[in-house]
Undergrad: 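This is the structure, below, for whatever I ask next.
Everything numeric here is computed off the predicted structure, so don't read it as measured data. Counting starts at 1 for both ligands and their atoms, following the listed order.
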Amino acid sequence: MNVLIIGSGAREYSIALALKKDKNVKDIYFAPGNGATTKIAKNIDIKDFNKLAEFAKENSIDLTIVGPEQPLVDGIVDIFKKEGLVVFGSSKEASKLEGSKAFMKNFLKDNLIPTAKYIESSNINEINNFIDSLSLPIVVKADGLCAGKGVIIAKSKAEAKEVSKDMLSGNSFGDAGKKVIIEEFLDGYELSVFAICDGENYKILPAAQDHKRLLDNDDGPNTGGMGAYAPTPLIDDELYKKIEDRVVKPTMSGMQKINAPFEGVLFIGLMIINNEPYTLEFNVRFGDPECEILMPLLKSSASELFYKGATKKLNELNIEFLDKVAVGVVKASRDYPYKSSKASEIFIDESKIRNGHISFAGVTQKDGKLYATGGRVLICIGIGNSVKEARDNAYEIAKYVTFEGEQLRSDIAYQAIK
Ligand code: AMP
Ligand code: GLY
């Protein structure tokens, strides 16, 4: 089987690593990939979706896997399907679950899926009245995609009103902020649960925990994610069952009802309060860095999982995971997440990398050397028999892959080790 992976991050890199374990996977291509994916696959430089579909046909691609949200929201899956290609990812219509927070919140309400109390509106008076009715803090969200930056937790009502006004004016997030969601603040702990879906059937993966803030003790600015681990002990069978019954099942049937059956990865961002799951958000793709720690835990075939997911055959699949824990520690560049940083060379002592591996994201290759050129540069993944062992292995690997200005958290998985 030949596979095309759309994307350029460590998430997509980790999918390729999992596919490479499969004997039935022959060639892997990335569009566009990064400076390290050339070592495990071929990079192709085509952006237009129609041209990519043409490439897939000409190169006998049997399966295309779409990593990031933007091409999904822009309809890449619909174009590939129209060309008769097998593609794993959500349709343009179904991708509204991530592309529009107003759509997502209304969907949750219509399908009686527990979530934070909210309104969505473009009317400043209506917004201000709702803000006045809530207690502090207050969550303000831009409707559209904002690369993870569109959520503000306001500490005062004045701040919530100011932020809403800025969003509506288009100053903060352009058109993405022309509609805002005001939400009550939920106080619990967060979990990421992923379900691989084929429109009818689904497979739930072991729950993971991300670390969104830049600094230790969940301090500093929000980022795309500075590290993750799975499976987390913060979930038991009862909670899994509640998430399946109250979130996954109604989402699958709700999407069927509106003629947008959900295919691809349903990423459920949850807040857990007193062992009850509240859905904060949906994404229509794997989390990054959650994917990087889930892929190495997959015992059964990755190509079969994605292929069956893309061809409505998940009911035939028996998905298995290793009885291990994976912890991933992200290394980001000096000025992340504020601005881009000067390129700096990455040094790796390959002989010392054991009990895990590295997945690469913001890297460029030049004259045989690897340079850190992106925000999140790479992630060190440790595998072990316990959270502690996996974490020690991840931090051990981190000693042997270094670059100037690197930023990393020293407390990934702290909630599981307390
Ligand atoms: P979202 O993109 O909606 O997941 O929001 C990003 C982050 O903001 C989440 O991962 C939470 O940490 C936080 N957040 C969003 N909504 C709420 C809420 N209603 N209550 C508390 N925290 C929230
Ligand atoms: N790790 C969170 C995300 O991918 O959105």
Side-chain angles (χ1 to χ4, degrees), residues 7 9-12 14-15 67-70 72-73 97-105 107-108 113-120 130-131 134-155 160 163 173 176-177 180-194 205 207-214 218-230 232 265-273 276-294 328-330 332 337 359 361 375-376 379 409 412 415:
R11 167 178 53 203
E12 291 75 25
S14 73
I15 292 173
E69 61 276 19
Q70 195 70 56
L72 292 166
V73 169
L97 278 184
E98 173 161 5
S100 165
K101 286 192 190 292
F103 175 88
M104 179 264 295
K105 289 294 287 192
F107 178 86
L108 293 175
I113 299 171
T115 187
K117 199 166 79 185
Y118 76 104
I119 56 160
E120 49 113 342
F130 189 68
I131 289 174
L134 294 176
S135 45
L136 295 171
I138 292 166
V139 186
V140 183
K141 301 183 177 182
D143 176 45
L145 287 184
C146 304
K149 300 188 185 79
V151 176
I152 279 100
I153 313 234
K155 293 194 184 69
V163 166
F173 300 110
V180 302
I181 287 93
I182 310 291
E183 226 173 75
E184 68 173 334
F185 181 83
L186 296 179
D187 195 8
Y189 62 88
E190 285 185 64
L191 282 185
S192 306
V193 171
F194 298 87
L205 311 188
Q209 210 176 26
D210 186 16
H211 299 67
K212 288 211 169 79
R213 302 294 200 95
L214 180 72
D218 295 323
D219 220 341
N222 257 326
T223 70
M226 292 299 290
Y229 69 97
T232 168
V265 182
L266 180 68
F267 169 170
I268 310 164
L270 292 158
M271 189 69 85
I272 310 299
I273 307 172
E276 298 293 324
Y278 293 83
T279 298
L280 286 182
E281 64 161 351
F282 284 133
N283 295 305
V284 297
R285 36 106 193 150
F286 267 120
D288 184 352
E290 291 96 325
C291 185
E292 291 96 300
I293 45 120
L294 288 169
V329 176
V330 169
S359 275
R376 287 186 293 170
I379 173 165
R409 277 181 64 157
I412 299 303
Q415 289 193 50

Undergrad: For Lys101, counting its heavy atoms only, list the atoms of ligand 1 lying under 4.0 Å from any of them.
TA: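 Going through ligand 1 atom by atom, the ones under 4.0 Å from Lys101 are 1 (P), 2 (O), 3 (O).
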Undergrad: Quick one: do the Glu290 and Ser192 side chains pair a donor with an acceptor below 3.5 Å?
TA: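 Short answer, yes.
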Undergrad: Going by an N to O cut-off under 4.0 Å, is there a salt bridge joining Glu120 and Lys105?
TA: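 Looking at Lys105 together with Glu120, the answer is no, because their closest N to O distance does not fall below 4.0 Å.
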Undergrad: Between Leu186 and ligand 1, which residue portion shows a heavy-atom distance shorter than 4.0 Å: side chain, backbone, both, or neither?
TA: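 Both parts.
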Undergrad: Near Asp210, which atoms of ligand 2 are under 4.0 Å from a heavy atom of that residue?
TA: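 That gives atoms 1 (N), 2 (C) of ligand 2.
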Undergrad: Any atoms of ligand 1 less than 4.0 Å from a non-hydrogen atom of Lys212? List them with their elements.
TA: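 Per the distance check, 10 (O).
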Undergrad: Distance under 4.0 Å to a non-hydrogen atom of Glu183: what atoms of ligand 1 satisfy this?
TA: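 Result: 16 (N), 17 (C), 18 (C), 19 (N).
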Undergrad: Can you list the atoms of ligand 1 that are under 4.0 Å from a heavy atom of Met271?
TA: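 So the atoms of ligand 1 that pass are 21 (C), 22 (N).
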Undergrad: Of the backbone atoms (N, CA, C, O) and the side-chain heavy atoms from C-beta on, which set of Glu184 has a member under 4.0 Å from an atom of ligand 1: side chain, backbone, both, or neither?
TA: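 Backbone only.
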Undergrad: Applying a 4.0 Å heavy-atom criterion (strictly less than), which segment of Arg285 is in contact with ligand 2: side chain, backbone, both, or neither?
TA: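 Side chain only; the backbone of Arg285 stays clear of ligand 2.
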Undergrad: Number the atoms of ligand 1 from 1 as they appear, then name those within less than 4.0 Å of a heavy atom of Ala116, with their elements.
TA: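 Matching atoms, with element in brackets: 19 (N).
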Undergrad: For atom 17 (C) of ligand 1, which of Ile273, Leu280, Asn283 has the closest heavy atom?
TA: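 The option holding the nearest heavy atom is Leu280.
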Undergrad: Taking N or O atoms only and a 3.5 Å limit, does Val151 qualify as a polar contact for ligand 1?
TA: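 There is no such contact.
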